[in-house]
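See structure below.
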Amino acid sequence: MLEFKRKLEKKIYGELKEKYPLHSSEIEISYTPHQKMGDLALAFPFHLAKKMKRQPRELAQEIIDHLPSLEGVERVEVAGPGFINFFLDRKQFFSRRLHSLGQASLSPEEEKIIIEHTNINPNKAAHIGHLRNACLGDTLGRCLKYKGENVEIQNYIDDTGVQVADVIFGFMELEKKNLSQIKQIEEKFDYYCWDLYAHASSYLESHPEAQKRKSEILKKIEEGIDPENEIAHYISHQIIKAHLKTMGRIGVNYDLLPCESSILHLKFWEKAFSLLKEKKAIFLAGEGVNRGCWVMKPERETEKEKIIVRSDGTVTYVGKDIAYQLWKFGLLEKDFYYKPFIKEDNKTIWISSSTPEGKSPSFGKGSQVYNVIDSRQDYLQKIVVQGLKSLKYLAQAEKSIHFSYEMVALSPKSLKELNLIVSDEDREKDFLEVSGRKGLGVKADDLLDRLEAKALSEVEERNPDLPSERKKEIAHKISNGALRYFMLKFARNSLIVFDFEEALNFEGETGPYLQYTLVRINSIFRKLKEKEGFDEKDLQALLSSGEMAMEKLTESELSDFWNVVFFASQFEEEVLHSIRSLEFSHLAKYSFSLCQKFNSYYHVYSILAEKNKEVKRIRILTIYYIKEVLERALSLMGILQPERM
RNA sequence: GCGCCUGUAGCUCAGCAUGGAUAGAGCGAGGGAUUCCUAAUCCCUAGGUCGUAGGUUCGAAUCCUGCCAGGCGCGCCA
């Protein structure tokens with residue numbers, strides 16, 4: 001479709017450029033609002049009419065008279081106040097789409113793209129907010145790979161931060177546990193830490209004298225002193241494993257886990273610091289409130305200067321982030337060591353190390369970097385980019401993309417359902433921010449468990465005779481579809497106020513609706529095979545024969561056929577649009593609309609029962625085409641495809 | 001105070017990049033469809049001053065400005 005439009009635009013421009021004052025960019029083909037008006041539309045007669053001081057409609061007609069017959073276009077007409085609308089040769093169009101299935105017309109534009117997402121502090125279980133992050137980042141990765149890009153997924157691990165220290169404080173001071181006692185904990189470890197973290201946080205808040213011990217813990221893990229350090233190591237690694245398992249449940253994967261501890265021990269910051277000083281990107285404040293700090297000048301006069309190194313010589317969060325961002329672009333002149341963290345059949349997840357290890361693939365050195373981080377960090381991400389600019393890495397600053405999105409909050413109803421106690425002040429609000437520190441949130445695994453349980457009971461009801469393993473597998477796929485679609489259907493700037501009833505819904509605009517549509521299509525092919533012996537070979541024969549007797553379709557069937565096929569042909573444009581705008585709700589809504597169109601078609605036109613062979617053939621090809629597009633759409637969204645439901 | 005984001009149907013949200021033809025879905029409400037490929041479906045009905053006031057334009061939900069309302073950020077926390 002994309003290619004078809006571009007060719008047509010070029011051809012039309014070529015025909016008209018001599019006769020009219022036109023720029024090639026003005027010839028832009030769009031879609032008509034309604035099928036009966038035609039398929040493609042040109043709006044340029046309006047601009048041209050203005051330039052030439054003429055009536056748009058009359059001018060449009062004149063232009064049409066000048067146009068030769070166009071390949072693939074059956075009819076051209078003036079519409080409305082002066083649009084030029086094209087009616088395509090449906091048979092030719094469909095036949096070409098079928099033949100070009102599988103050969104993507106998209107092409108990569110970057111050397112290597114790095115996506116950083118998930119980034120959960122390794123001190124507690126993952127919650128719904130993290131699921132949104134992971135779903136967005138993972139979908140971006142899948143779409144970019146589909147486009148042909150070389151993509152590396154990184155999940156940054158802040159294993160030396162205060163959050164981890166809080167949990168260590170909880171273990172050592174509140175529960176008086178040593179490492180071997182911690183290892184004996186039988187409960188789900190990330191859940192155990194979830195509660196302990198909340199407990200330790202509130203304890204530390206009400207016992208300011210305990211802060212001293214916490215600072216000591218923090219210092220010891222940064223300097224690598226046991227037992228605090230080995231406990232930190234144990235906790236973070238156990239939690240990372242739990243997170244990877246949770247994300248594995250929804251099909252989210254990573255290539256590399258870069259750790260804060262490695263950045264620290266390999267002195268990434270020191271290198272970045274000398275670069276920043278050398279290029280005068282930061283300076284030492286000699287007076288004012290920030291005296292003794294290294295600060296970055298604001299871009300605008302009205303903004304405050306940003307502290308990068310505190311007066312005690314320690315670096316701030318944003319400073320470390322600048323160092324990490326430099327490394328991602330291969331600009332730091334330093335690298336991590338790497339070792340495998342998890343090895344599975346054909347996939348290894350690597351983790352950074354601060355000491356030399358064996359052979360590993362090459363990481364980092366991206367030409368473009370996406371950081372998937374929620375919108376509360378807009379300002380800090382801006383500072384990171386500003387850091388690159390001050391270092392005169394303008395190209396890299398341009399290619400540092402903050403994939404910003406709104407958070408997931410909790411509705412008062414959800415909180416009540418979880419039996420979470422909230423303060424009177426919080427109760428007044430329409431929604432509450434998820435807070436790991438307060439233990440306020442819906443744990444990712446809990447939500448997934450509930451989705452699976454609900455899906456299982458629905459499967460039981462519909463397919464009581466299936467073996468229990470099959471049922472479980474289907475329920476898993478359904479829960480996966482429900483969750484992934486839910487996380488994608490909202491625009492990224494839309495705050496999701498989480499509600500169980502809405503998230504657990506399997507009807508209407510939901511993942512299971514999409515999955516169900518595909519199940520129906522597959523079911524038709526299964527029955528075709530069972531009842532008529534129509535198999536893959538027959539399908540291929542049908543595809544290559546190119547025989548389509550479109551004239552056998554009634555006028556209304558031709559119109560319904562075209563409605564769904566023409567829409568399906570726009571898939572690649574939707575993917576590109578989603579990548580460009582980082583708005584995967586487009587892809588989600590597009591897929592949903594495609595399913596709606598198919599389901600309407602399905603109710604009117606029977607395939608198995610159709611007596612007319614020629615009509616039947618067209619219908620088979622139609623649903624085959626939709627199946628191919630839909631399967632691709634679902635896989636880009638990370639939605640699994642059950643064979644039955 | 002400054003910066004960013006949001007305001008569209010009873011509810012939840014698309015549409016805004018690149019202005020275009022009659023503003024769309026889902027949920028909820030009411031009605032209907034199953035001797036026929038899975039009813040997790042489909043069809044019909046009701047429901048809209050696109051926050052508000054201006055501006056630009058042949059044309060504005062979409063672009064610009066003001067105002068109102070809400071959220072987030074602006075720390076020698078991470």
Could you check whether [X] pairs with [Y] (Lys NZ or Arg NE/NH1/NH2 to Asp/Glu carboxylate O, under 4.0 Å)?
{"X": "A:Glu216", "Y": "A:Lys212", "result": "no"}
{"X": "A:Lys413", "Y": "A:Glu501", "result": "yes"}
{"X": "A:Lys51", "Y": "A:Glu26", "result": "yes"}
{"X": "A:Lys472", "Y": "A:Glu452", "result": "no"}
{"X": "A:Glu643", "Y": "A:Lys477", "result": "yes"}
{"X": "A:Glu205", "Y": "A:Lys438", "result": "no"}

Please list each protein N or O that sits under 3.5 Å from an N or O in nucleotides 14-18 of chain B, with the distance.
| residue | atom | partner | partner atom | Å |
| --- | --- | --- | --- | --- |
| B:A14 | OP1 | A:Ala491 | N | 2.9 |
| B:A17 | N1 | A:His577 | NE2 | 3.4 |
| B:U18 | O2 | A:Glu28 | OE2 | 3.0 |

Nucleotide [N], atom [atom2] - distance to [atom1] of [X] in whole Å:
{"X": "A:Leu504", "N": "B:C27", "atom1": "CG", "atom2": "C1'", "value": "15 Å"}
{"X": "A:Asn463", "N": "B:A39", "atom1": "CG", "atom2": "C1'", "value": "14 Å"}
{"X": "A:Lys50", "N": "B:G19", "atom1": "NZ", "atom2": "P", "value": "13 Å"}
{"X": "A:Lys597", "N": "B:G26", "atom1": "NZ", "atom2": "P", "value": "12 Å"}
{"X": "A:Phe46", "N": "B:G19", "atom1": "CZ", "atom2": "P", "value": "14 Å"}
{"X": "A:Gln515", "N": "B:A40", "atom1": "CD", "atom2": "C1'", "value": "10 Å"}
{"X": "A:Asn599", "N": "B:A40", "atom1": "CG", "atom2": "P", "value": "11 Å"}
{"X": "A:Glu77", "N": "B:A21", "atom1": "CD", "atom2": "C1'", "value": "13 Å"}

Checklist entry - A:Tyr602 has a side chain; which of B:A40, B:A21, B:C37 sits nearest to it? => result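 Looking only at heavy atoms from C-beta outward on A:Tyr602, the closest nucleotide is B:C37.
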Checklist entry - Taking the side chain of A:Ala79 as its heavy atoms from C-beta onward, which of B:A40, B:U22, B:A21 lies nearest to it? => result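 Between B:A40, B:U22, B:A21, the one nearest the side chain of A:Ala79 would be B:A21.
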Spacing of the [atom1] atoms in [M] and [N] (rounded, Å):
{"N": "B:C11", "M": "B:A46", "atom1": "C1'", "value": "16 Å"}
{"N": "B:G19", "M": "B:G28", "atom1": "C1'", "value": "34 Å"}
{"N": "B:C50", "M": "B:A60", "atom1": "P", "value": "12 Å"}
{"N": "B:U49", "M": "B:C44", "atom1": "P", "value": "24 Å"}
{"N": "B:G7", "M": "B:U52", "atom1": "C1'", "value": "11 Å"}
{"N": "B:A21", "M": "B:C4", "atom1": "P", "value": "30 Å"}
{"N": "B:U57", "M": "B:C63", "atom1": "C1'", "value": "10 Å"}
{"N": "B:A61", "M": "B:G24", "atom1": "C1'", "value": "12 Å"}

Item to check | Stretch residues 476-485 of chain A: residues that reach within less than 4.0 Å of RNA chain B through a heavy atom | outcome: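 Under 4.0 Å from RNA chain B: A:Ile478.
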Checklist entry - Between the side chains of A:Asn371 and A:Gln325, is a donor N or O closer than 3.5 angstrom to an acceptor N or O? => result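 Side-chain D/A pair, A:Asn371 to A:Gln325: present.
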Checklist entry - Any side-chain donor paired with an acceptor under 3.5 Å for A:Thr517 and A:Asn599? => result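 Judged by distance alone, the side chains do pair up.
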Checklist entry - A:Ser606 or A:Phe592: which one's nearest nucleotide on RNA chain B is closer to the 5' end? => result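 Result of the comparison: A:Phe592.
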Next on the checklist: Reading RNA chain B from 5' onward, which residue's closest nucleotide shows up sooner: A:Ala609 or A:Glu502?
Outcome noted: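 Result: A:Glu502.
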Item to check | Contact under 4.0 Å: A:Tyr513 side-chain N or O vs B:A25 OP1/OP2 | outcome: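 Answer is no, no contact under 4.0 Å.
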Checklist entry - Is the shortest side-chain N/O distance from A:Arg520 to OP1 or OP2 of B:U41 below 4.0 Å? => result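 Negative; the distance criterion is not met.
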Residues forming a ring-ring contact (aromatic ring centres under 6.0 Å, His included) with [X], sequence neighbours excluded:
{"X": "A:Phe486", "value": "A:Phe490"}
{"X": "A:Phe403", "value": "none"}
{"X": "A:His577", "value": "A:His586"}

Checklist entry - Nearest heavy-atom pair of A:Glu610 and A:Asn612: which atoms, and what distance? => result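 Answer, listing the atom of A:Glu610 first, then A:Asn612: OE2-N, 3.0 Å.
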Students often get this wrong, so: under 4.0 angstrom with heavy atoms, is [X] touching a base, only sugar-phosphate, or nothing?
{"X": "A:Asn522", "value": "nothing"}
{"X": "A:Ile607", "value": "base"}
{"X": "A:Arg526", "value": "nothing"}
{"X": "A:Tyr605", "value": "base"}

Next on the checklist: With a 3.5 Å cut-off and heavy atoms only, can you find an N or O donor on one side and an acceptor on the other between the side chain of A:Lys413 and the base of B:U12?
Outcome noted: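 Flag unset: no donor-acceptor pair detected.
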Checklist entry - Residues in salt bridge (charged side-chain N to carboxylate O under 4.0 Å, His left out) with A:Glu305, at least two apart? => result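 Listed in chain order: nothing, the list is empty.
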Checklist entry - Can you list the residues that meet the salt bridge (charged side-chain N to carboxylate O under 4.0 Å, His left out) rule with A:Glu574, with sequence neighbours excluded? => result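 With neighbours one apart ignored, the set is empty.
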Checklist entry - Is the centre of the A:Phe268 ring less than 6.0 Å from the centre of the A:Tyr324 ring? => result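 Ring-ring flag for A:Phe268/A:Tyr324: false, centres at least 6.0 Å apart.
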Checklist entry - Has A:Glu77 got more than 12 heavy atoms of other residues, nucleotides or ligands less than 6.0 Å from its CD? => result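 Correct, the count exceeds 12.
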Checklist entry - Is the number of heavy atoms from other residues, nucleotides or ligands under 6.0 Å of A:Gln55 CD greater than 12? => result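 No, because the 6.0 Å sphere around CD of A:Gln55 holds 12 heavy atoms or fewer from other groups.
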Next on the checklist: Protein within reach of the bases, or only the backbone? For nucleotides 72-78 of chain B, mark each nucleotide 5' to 3' as B, S or -, using heavy atoms under 4.0 Å.
Outcome noted: SSSSBSB
Checklist entry - With stacking defined as ring centroids separated by under 5.5 Å and planes differing by under 30°, is A:His34 stacked against B:U22? => result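 Per 5.5 Å and 30° rule: yes, stacked.
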I'd like a list of close polar pairs between nucleotides 28-31 of chain B and the protein, N/O only, cut-off under 3.5 Å.
none

N/O to N/O distances under 3.5 Å, protein versus nucleotides 43-47 of chain B:
| residue | atom | partner | partner atom | Å |
| --- | --- | --- | --- | --- |
| B:C43 | OP1 | A:Ser600 | OG | 2.9 |

Checklist entry - Where do A:Asn133 and A:Thr118 land on the side-chain hydrogen bond (donor to acceptor under 3.5 Å, both in side chains) test, with the steps shown first? => result CA-CA 6 Å; A:Asn133 183 304; A:Thr118 305; 4.6 Å; no
Checklist entry - Can A:Lys454 be said to sit on top of A:Phe506's aromatic six-ring, NZ or CZ under 6.0 Å from centre and within 45° of the ring axis? => result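 Because its charged atom sits under 6.0 Å from the ring centre and within 45° of the axis, A:Lys454 does stack over A:Phe506.
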Item to check | For A:Phe567, the option from A:Tyr31, A:Phe592, A:Tyr590 that meets ring-ring contact (aromatic ring centres under 6.0 Å, His included) | outcome: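 The single option meeting the ring-ring contact (aromatic ring centres under 6.0 Å, His included) with A:Phe567 is A:Tyr590.
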Checklist outcome for this item: The dot-bracket string of RNA chain B, counting Watson-Crick and G-U wobble pairs with both distances under 3.5 Å, using [ ] for crossing pairs and | for pairs to another strand, is (((((((..((((......[...)))).(((((.......))))).....(((((..]....))))))))))))....
Checklist entry - What residues form a side chain to side chain donor-acceptor pair (under 3.5 Å) with A:Arg376, not counting sequence neighbours? => result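 A:Arg376 satisfies side chain to side chain donor-acceptor pair (under 3.5 Å) with A:Asp374, A:Glu433 only.
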